[in-house]
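See structure below.
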Amino acid sequence: MTSAPPSAPSSVGDFPDGAERYTVGVDFGTLSGRAVVVRVRDGEELASAVHEYRHGVIEERLPGTDAPLPPDWALQHPEDWRDVLRNAVPEAVAAAGVEPGAVIGIATDFTACTVLPTSAGGTPLSETALAGRPHAWPKLWKHHAAQPQADRINALAHERGEKWIGRYGGKISAEWQFAKALQVLEEDPEVYEACARWIEAADWIVWQLTGAESRNTCTAGYKGIHQDGGYPGEEYLAALNPRFADFARTRLEFPLSPLGSRAGSLTEEAAAWTGLRPGIAVAAGNVDAHVTAAAAQTVEDGRLLAIMGTSTCHIVNSPVLAEVPGICGVVNGGVVEGSYGYEAGQSAVGDIFAWVLRQGVPREYYEEADARGEDLHALLTRKAAAQPVGAHGLVALDWLNGNRSVLVDHHLSGVVVGLTLATRPEDVYRAMLEATAFGTRVIVETLENGGVPVREFVVAGGLARNELLMRIYADVLRRPVSLAASLQGPALGSAVHAAVAAGAHPDVRTATAAMGRLRRDVFLPDDRRADAYDALFAEYRLLHDRFADGDQLHRLRRLRDTALATG
């Protein structure tokens with residue numbers, strides 16, 4: 001590791017008494033990366049900067065080629081992630097008006113499972129001679145083409161009675177590491193053989209900052225089936241595919257770094273990218289949802305945090321280990337040391353609302369929005385808010401990008417019931433808002449029925465700004481909705497972890513108390529509306545259970561895929 005110059009402080013103890021210290025948190029999202037500069041003493045956010053990914057989500061064609069990607073693929077470009085370090089970090093530091101020498105640490109978080117194959121030295125295979133092959137590229141979290149592999153992983157685990165399968169609600173997701181890696185092996189063995197390391201982007205970006213490989217307990221536990229000190233055994237993996245037997249030992253195995261620990265020091269090269277001092281602390285990698293718990297002060301047991309954006313991830317800590325059907329995973333210390341962290345989620349939330357705008361809004365709505373100076377979301381929200389609960393006569397399933405929890409089936413699809421010739425865009429829009437709230441209620445009830453209490457419901461993310469949506473959640477859940485005070489929860493949470501890694505706070509719980517922020521009980525349930533939603537939720541539940549086996553929805557998907565493949 002590169003050490004700091006003698007003239008610059010290299011640890012918190014080297015700063016003069018009373019001197020302010022800062023950390024930088026960097027949040028790598030689905031479409032952009034955000035950096036925030038935070039004061040260590042109290043969590044004050046001084047400035048932030050955003051860098052949009054030039055390549056965005058790669059879903060249609062492989063970069064540099066005319067080759068179309070198959071259905072359900074979603075890739076990303078590693079250079080977009082490096083560009084966040086080169087652009088967003090120095091811009092945020094400059095905007096904050098702090099001297100780079102006063103920054104004592106940096107931490108990052110990432111979408112997950114966003115995973116990539118690399119060489120032994122960490123070079124993405126998409127940056128090698130294999131760049132023309134889709135499986136050489138990083139697979140974004142919402143790459144769902146590995147569902148057949150996930151189905152086999154789950155069936156074999158239950159057949160063999162593998163202990164770990166219960167820790168993941170009985171099903172490993174098509175989004176997670178093993179399903180995606182098995183897909184690479186079976187569809188492009190040459191890329192799989194060239195893959196020396198199979199690594200979460202959350203860990204790869206730390207490798208870029210420190211010059212050394214590291215792995216964190218969060219992604220290993222939730223996305224990599226690491227339980228009770230190890231990965232699934234070679235006998236099980238060989239039964240999936242003989243060439244897969246050594247996958248964990250050769251491509252995953254590495255000492256795991258606890259969350260908030262120091263993974264290494266900033267290299268000279270990374271310091272040149274970011275404008276920060278070489279040698280400062282770089283924290284272990286983390287997942288965007290899980291790290292937000294520190295920003296929202298939800299590390300204590302029973303506070304369920306919903307990080308709501310393009311998708312939603314639900315995080316709650318508990319003192320007890322329970323096997324809850326359909327959850328994404330439970331990991332000891334997966335969010336904070338001393339608690340079992342439970343994860344669940346919905347594969348599309350904000351993406352569903354955006355879909356309505358793209359597909360179902362006539363020209364006169366655009367004209368009305370322009371005349372009123374509103375965007376389309378504001379227009380549809382205003383129109384939908386004027387309706388009594390149930391007035392649209394609709395109920396919808398929030399499965400437009402599959403179901404992450406509690407059915408764990410990414411080949412499910414959306415359903416809307418009750419459409420008539422009188423149905424308007426705002427009706428569909430409100431039905432979709434409600435569908436996501438109903439999906440969250442299924443998750444909350446499943447957690448509580450499984451022995452994991454939910455004492456408080458907290459929302460972070462951009463969707464918290466939609467007051468109608470928050471009121472709907474309060475009414476559907478029949479409980480108050482609290483809000484994370486920061487609109488940059490993941491980045492602030494990363495900055496909290498950076499402060500711990502740099503030694504400014506002794507642990508994540510202490511740092512959270514000092515630097516996190518929470519607005520309690522901002523939206524309260526209304527009994528009358530809640531009663532009406534109970535009746536509507538009963539209809540949602542009937543629809544949910546009718547299509548839960550996937551039989552008809554899977555047939556429709558196969559018909560679609562066949563038609564696309566044959567032209």
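Remember, predicted model here, so these are calculated numbers, not experimental data. These values consider heavy atoms only, across backbone and side chains, with no hydrogens, waters or symmetry-generated copies.
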Quiz item: Would the F178 and F247 ring centres measure less than 6.0 Å apart?
Solution: yes
May I ask you to test the [X]-[Y] pair for a side-chain heavy-atom distance under 4.5 Å?
X	Y	answer
V330	V324	no
W137	P63	yes
H505	V40	yes
V282	W207	no
L125	C195	yes

Under 3.5 Å: donor-acceptor pair, side chain of [X], backbone of [Y]:
X	Y	result
S257	S261	no
Y231	A220	no
T114	W141	yes
D80	H55	yes
T108	G285	no
R197	T250	yes

List the atom pairs, with distances to 0.1 Å, where a side-chain N or O of residues 334-348 and a protein N or O form a donor-acceptor pair under 3.5 Å, not counting sequence neighbours.
unit_1 : atom_1 : unit_2 : atom_2 : d
S339   : OG     : D301   : OD1    : 2.9
S339   : OG     : R509   : NH2    : 3.1
Y342   : OH     : V320   : O      : 2.7
Y342   : OH     : A322   : N      : 2.7
E343   : OE1    : K223   : NZ     : 3.2
E343   : OE1    : H290   : NE2    : 3.1
E343   : OE2    : K223   : NZ     : 2.8
Q346   : OE1    : H314   : NE2    : 3.4
Q346   : OE1    : T440   : OG1    : 2.7
Q346   : NE2    : D398   : OD2    : 2.9
Q346   : NE2    : T436   : O      : 2.9
S347   : OG     : E175   : OE2    : 3.4
S347   : OG     : H410   : ND1    : 3.4

Separation of [Y] [atom2] from [X] [atom1] (nearest 0.5 Å):
X	Y	atom1	atom2	answer
F457	L483	CZ	CG	10.0 Å
E300	N317	CD	CG	8.0 Å
E213	T118	CD	OG1	7.0 Å
Y222	I315	OH	CD1	5.5 Å
H226	F254	NE2	CZ	12.5 Å
R86	H51	CZ	NE2	9.0 Å

Quiz item: Does a side chain donor of either N216 or N286 reach within less than 3.5 Å of an acceptor in the other side chain?
Solution: no
Quiz item: Which residues satisfy the salt bridge (Lys or Arg N to Asp or Glu O under 4.0 Å) test with E200, sequence neighbours excluded?
Solution: none
Could you list the residues that satisfy side chain to side chain donor-acceptor pair (under 3.5 Å) with [X], not counting sequence neighbours?
X	answer
K171	none
W73	none
S48	Q488

Quiz prompt | Pairing of R82 and E127 as salt bridge, 4.0 angstrom limit | solution = yes
Practice problem: State whether E79 and R54 are salt-bridged, where the test is any N-O pair (Lys NZ or Arg NE/NH1/NH2 against Asp/Glu carboxylate O) under 4.0 Å. | Solution: no
Exercise. Evaluate whether atom CD of E44 has more than 12 neighbouring non-hydrogen atoms of other residues, nucleotides or ligands under 6.0 angstrom away.
Key: yes
Quiz item: Which heavy atom of V291 sits nearest a heavy atom of P490, and at what distance?
Solution: CG1-O, 3.5 Å
Quiz item: Considering all heavy atoms of both residues, which atom of R404 and which atom of S311 are nearest to each other, and what is their separation?
Solution: NH2-OG, 4.1 Å
Quiz item: With sequence neighbours excluded, what pairs up with A296 under the side-chain contact (heavy atoms from CB on, under 4.5 Å) test?
Solution: T298, L305, V458, A484
